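Note that the coordinates shown come from a computational prediction; the quantities given were computed from them, not determined experimentally. Order of appearance sets the numbers: ligands from 1, and atoms from 1 within every ligand.
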Amino acid sequence: MSISDTDLAFEVRPTDTPTPRAERESLLATPKFGTVFTDHMARASWTQGLGWHDRRVEKYGPLQLDPATAVLHYAQEIFEGLKAYRHDDGSVWTFRPTANAERMQRSARRLALPELPTEDFLASITALVRTDLDWVPSGEETSLYLRPFMYASEAFLGVRPSMQAEYLVIASPVGSYFAGGVKPVSIWVSEDYARAGAGGTGAAKCGGNYAASLLPQQEAYARGCEQVCFLDASTGSLLEELGGMNVFVVGADGSVSTPRLSGSILEGVTRSSILTLLAEQGREIRERDIPLTELLAGLRDGSVAEVLACGTAAVVTPIGRLAGGDFDVTVGDGTAGAVTTGIRAALTDIQYGRAADPHGWMHRLA
Ligand SMILES: *Cc1c(COP(=O)(O)O)cnc(C)c1O
């Protein structure tokens with residue numbers, strides 16, 4: 001071994017102003033996604049020629065950035081999202097973290113950022129969750145959302161990859177995405193705007209993709225829809241994904257299709273896990289091109305029974321309605337279907353330790 005455990009360790013420098021217990025407990029009672037953060041953040045710095053250094057866990061707080069910091073000008077930034085789940089016996093686990101570590105490395109390559117080794121990714125989330133263990137909620141369907149991210153931190157306006165980068169992990173307690181039961185969402189199909197094009201950054205988890213999705217998302221709201229679905233940028237005819245979730249189409253015959261990884265679709269960990277679980281149910285699974293016209297025809301003639309969206313934050317979300325410039329169709333009877341409800345339960349049962357984990361997807365953090 002060339003690297004010792006001490007080199008890999010994230011040194012914990014505890015805050016001198018921890019949130020008082022009563023305040024923390026009231027914040028944990030009704031956590032709202034992405035609004036409350038724990039007392040600490042994990043952090044490591046990278047310098048060209050030196051590599052990764054100064055791995056630490058420190059007090060959560062503002063970053064001071066030089067106005068010339070590269071990320072503020074050229075959006076050289078990537079992120080990840082995963083959750084820590086508290087099981088009934090008090091232990092804390094996460095789901096397939098190696099998949100997130102490896103995806104972050106692929107995103108880093110595309111954005112010309114340094115790759116963070118998988119051991120460092122795992123060590124950073126483990127150190128942060130152990131330091132802020134009291135922040136992992138225990139209510140039903142609650143979790144601690146972990147947000148690793150990396151940005152170009154060199155103060156330089158020239159257009160070339162930054163010679164410095166910062167990696168951080170922040171954590172936010174979250175409640176059930178669907179307070180009061182899983183509710184189908186309505187989807188606006190964006191025919192004027194694309195999220196990502198061929199050869200672009202669609203397969204990388206980078207902030208810039210989200211920036212491009214915000215205007216179409218506003219259009220969706222204006223049309224009375226909650227989320228937007230994008231089509232492929234080249235032909236404007238094939239289903240791709242939502243701004244932050246992958247999509248599946250369930251046939252009335254029980255078969256399941258999802259858009260194939262075209263290069264402009266983000267490869268979700270939830271997507272991949274659902275493919276595995278549905279295949280084990282003996283279903284016919286196809287990763288393929290799905291034309292919007294075929295989907296609309298299938299919804300009208302009943303050969304498409306369910307449409308669902310999936311991602312770490314909301315796990316599995318039924319889609320109840322699809323609307324666009326010249327169509328507005330209800331999916332089935334507009335309520336969550338059996339395949340959607342079943343796959344959601346199968347995944348969350350594994351994540352919360354209520355079901356066996358035959359694939360070894362769960363990774364203990366504390
Ligand atoms: C993160 C993300 C997803 C879902 O990925 P998971 O690993 O399942 O959380 C899907 N699409 C986009 C664009 C994303 O950024």
* Asked: Would you say E267 has any N or O atom under 3.5 Å from an N or O of ligand 1, going by distance alone?
  -> no

* Structure fact -> Of G244, S213, G268, the residue with the heavy atom nearest atom 3 (C) of ligand 1 is G244

* Asked: Does the side chain of T276 reach to within under 4.5 Å of the side chain of W361, using non-hydrogen atoms?
  -> yes

* Asked: N/O to N/O below 3.5 Å, does that happen between V269 and ligand 1?
  -> yes

* Structure fact -> One should read off an interatomic distance between Q76 CD and T69 OG1, to the nearest 0.5 angstrom, of 12.0 Å

* Polar contact flag for T312 and ligand 1 (N/O pairs, less than 3.5 Å) -> yes

* Short list, please: which atoms of ligand 1 are under 4.0 Å from a heavy atom of R195? -> 13 (C)

* **Heavy-atom gap R103 to ligand 1 smaller than 4.0 Å** => yes

* Around atom 1 (C) of ligand 1, find the nearest protein heavy atom and jot down its residue, atom name and distance. => K205 NZ, 1.4 Å

* Asked: Would you say the side chain of D232 lies within less than 4.5 Å of the side chain of S237, judging by non-hydrogen atoms?
  -> yes

* **Side-chain ion pair, R288 and E294, N-O less than 4.0 Å** => yes

* **More than 12 heavy atoms of other groups within 6.0 Å of R364 CZ** => yes

* **E241 N/O to ligand 1 N/O under 3.5 Å** => yes

* **salt bridge (charged side-chain N to carboxylate O under 4.0 Å, His left out) between E115 and R106, worked out** => CA-CA 8 Å; E115 290 177 40; R106 294 196 297 275; over 6 Å; no

* Please determine if T270 has a nitrogen or oxygen closer than 3.5 Å to a nitrogen or oxygen of ligand 1. => yes

* **R195 side chain vs G202 backbone, donor-acceptor pair below 3.5 Å** => yes

